[in-house]
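Notes to accompany the following structure.
Numbers here simply count residues along the sequence, with the first being 1.
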Amino acid sequence: MNASTLRHPSGVARAAIAIATLALGHALQAQESAEKTLRQVVVVDQREAQVERKESYLQKIVIAEEEVERFGDVSVGDILKRLTGISFTGPAGVTKDVRMRGLDKGYTQFMINGELVNSATKDRQFQVDRLPADMIERIEIIRAPSAEYDAGNIGGLINIVFKSKVEEVTRTRVAAGKNGKYDIGDAIVQTSKRVGNADIVLAASYTVAAEDVSEAKATYNATTGALTATENKPKPATKTELLFTPRVTWHFGEDRLTFDPYISKGTEDKEEDKLKTGANVAIVTEKEIKEENKRDQVIRLGTRYDGKRDWGGWYAKVALAETRADKKVVADVFKYNGAGVFTSAERKRETEDIVDQYLQFGLGFAAQLGERHLVRGGIEVKDSDFKSRKPKTKQAINASGLPIGAVVSDDGQRDKFDIGERKTTIYLQDEIRLGSSHWLTPGIRYEQTSREASGNDKNGLPYRSDNKLDSSNPSLHYRWAIGKNLNFRASITKTVKLPKFDQLNPTLDTSKDGLTSANAYTGGNVDLKPEDALGYEAGFEKAFAGNRGMLGVNFYERRIKDFVETRTNQENINGAMRWVKRPQNVGEAHIYGMELDWRFPLYEKAGHVLNVVGNHTEMRGTIDSPTKGEIDIKEMPPRVTNLGLDYKHRPSGSFGGFSVNYVPKFSASSTNDNDETELKHWQARTTLDVYVGKIFSPLAEVRLIGRNLLKVKKDETTIKGNSLEHKIEYSKPTVMLTFESRF
């Protein structure tokens, strides 16, 4: 792929126009076809979402636009925290790093409008705290993928669908509020119109968000209980996001051509003022003043042609994208002796530039073969380039922060690497109707991934590695419609998670001496194997009250072969034994659990509507390691519960509700990155979100929102050897007022 094509907007625009013109030139007159073939689904209210869930051939939960807008959330992360099987890591009250079924964020995949979208991070996971909630038509949580979906979602798949329904309505919203002491808000405009044979949906938003977070940490002697050190740091962050998501669909009879670009530009600024002390908390031993500024943008241009024939339908799609992130960090570190007297100081600067580009082609079909078979298949090719550059410098400064020495390069050997990837996918599945109430959907997805990495090897010499990974991933989904509104579902699926780009970086960072595990060299592992998982699902779902209510229960199990965690071991480096920290395949992981979700319409009379909504998830997970025995998966809570109430009074237009999220206290014994066994304890966490509002007319809707109204505190204790560390993260509540108008 030519990188310059994606680097310059003019090149992207020319390429997109060429793609659209090519597709238009092949538009053909549509003919009648099977009803279910390549249909375009639009889900607005939760009743439609229940029907979509009930009739789907695979297990999924669908959250409709009505439910998405209920709390007036700022970001997708705020919505996800209330959904089944979802938990988060990171700072208290911050919905950023998503964990499905307790697995680390890299095991969950995100799609936008059915397509994977990368972020310019080393794990390439989409940042859900940056995506405005008001741009969304529905969210689909797919528990076990079929052959149609990428095989990399061991934890699960979240598909975020932007608004596509043409309502001939313009919607605007403005919001303003506070997160602690920081101003937040958003402005959104959406409009749709049918012009001739074209459906046009335009949506744009600008969001200002904040995280008013602080952290306090104390370290003790685990035997005597004596205090040995403290660390305190406020670490607030402010963010902005500009998003533009137009969608144009041209209709040619029953055929359609869709052009749906995705353009976002964001900022994230962080400040950390850290103070460290020893046992005497009155004497500061180290002070760090750190500023971090990040700028990123995502540009994705895609087009898709859907054609219908008497035998079924077909599609062709093309997309190209560039994701870019630039981060600058400046940290001044001041050190003092045991008496609190200044000894030295240093200014460290770091600039990180990440560019992730891809070009993708795809062809597919859906053919109705008789009354019992709906066969789907396709082929996709995706070429990606990932580049990371991170130059660093250091400079001596005095106690006042003024430079007193020359700027010296502090680059690490891992601070520059390139990886190219080509992924070819072929899939085929058959949705078989066995009888009037039984469906069986077998499928197979073959993925071949070729990667080429370049950098330096562990001895600092130029290194280049090529590897090819082949994966055949069968799946089998079964649905039994026991009654009109009662389903039993079961599935067996094979999924695979490829190593992250940074994990394959062959370069070894030798900036530390490598003489102890705490000062280990760090590096990637070109011999890292993919993680293969075999998954089982079985459950029931019951719709009732005219599809306004839903009760679902699902049991799951995953056995993950060659599970990856970071380990520290001794290696021979240039003839000397040194400690090296790198990702390793550590054994087989076993996760299992139960998911329960419900929506009960409690009362509906005289214009009053009252619903109880919620979910409960039980999660368990261990790793069977040949060297460590059975250890727990890191930070996997045993259960997560959400309970909420939703009320409407239709005659007056008044509405309100709340949602409580609860994670109990739990403990886990696992191995940290330094290959040390550690026991962690987390205290229980409860968050509360509320909203009240009134619709005065289509031109005026007002909503008052409160999130994390119970001051969020993440309290954890870590015992490691003879050290006990107690850390608490605090975050502030969010209050926001919104005004919405439709005309």
Going by an N to O cut-off under 4.0 Å, is there a salt bridge joining E537 and R558? yes

Presence of salt bridge, R742 and E740, under 4.0 angstrom: yes

ring-ring contact (aromatic ring centres under 6.0 Å, His included) filter on F71, not counting sequence neighbours, yields Y691

Salt-bridge test for E215 and K235: reply yes if a basic N is under 4.0 Å from a carboxylate O, no otherwise. yes

Residues which pass side-chain contact (heavy atoms from CB on, under 4.5 Å) with L610, listed by chain and number, not counting sequence neighbours: L602, Y603, L645, Y647

With sequence neighbours left out, what residues match E618 under side chain to side chain donor-acceptor pair (under 3.5 Å)? H616, R620, R639

So, are R707 and D689 salt-bridged, with charged N and O less than 4.0 Å apart? no

I61 meets the side-chain contact (heavy atoms from CB on, under 4.5 Å) criterion, sequence neighbours left out, with R53, I63, T84, I141, R143, D597

The criterion is side-chain contact (heavy atoms from CB on, under 4.5 Å); which residues satisfy it with P601, sequence neighbours excluded? F544, A545, R548, N611

Taking side chain to side chain donor-acceptor pair (under 3.5 Å) as the test, write out the residues that go with T493, two or more places apart. none

Under the rule for side-chain contact (heavy atoms from CB on, under 4.5 Å), what residues qualify as partners of V553, not counting sequence neighbours? F540, F555, M594, L596

Using the side chain to side chain donor-acceptor pair (under 3.5 Å) criterion, which residues pair with N487? Sequence neighbours excluded. R479, E541

Can you list everything that forms a ring-ring contact (aromatic ring centres under 6.0 Å, His included) with F244? Sequence neighbours excluded, please. none

What residues form a ring-ring contact (aromatic ring centres under 6.0 Å, His included) with H681, not counting sequence neighbours? none

Does D269 come within less than 4.0 Å of R295, counting only side-chain N to carboxylate O? yes

Side chain to side chain donor-acceptor pair (under 3.5 Å) involving K178 - partner list, sequence neighbours excluded: D183

How would you list, by chain and number, every residue that makes a ring-ring contact (aromatic ring centres under 6.0 Å, His included) with F162, sequence neighbours excluded? Y262

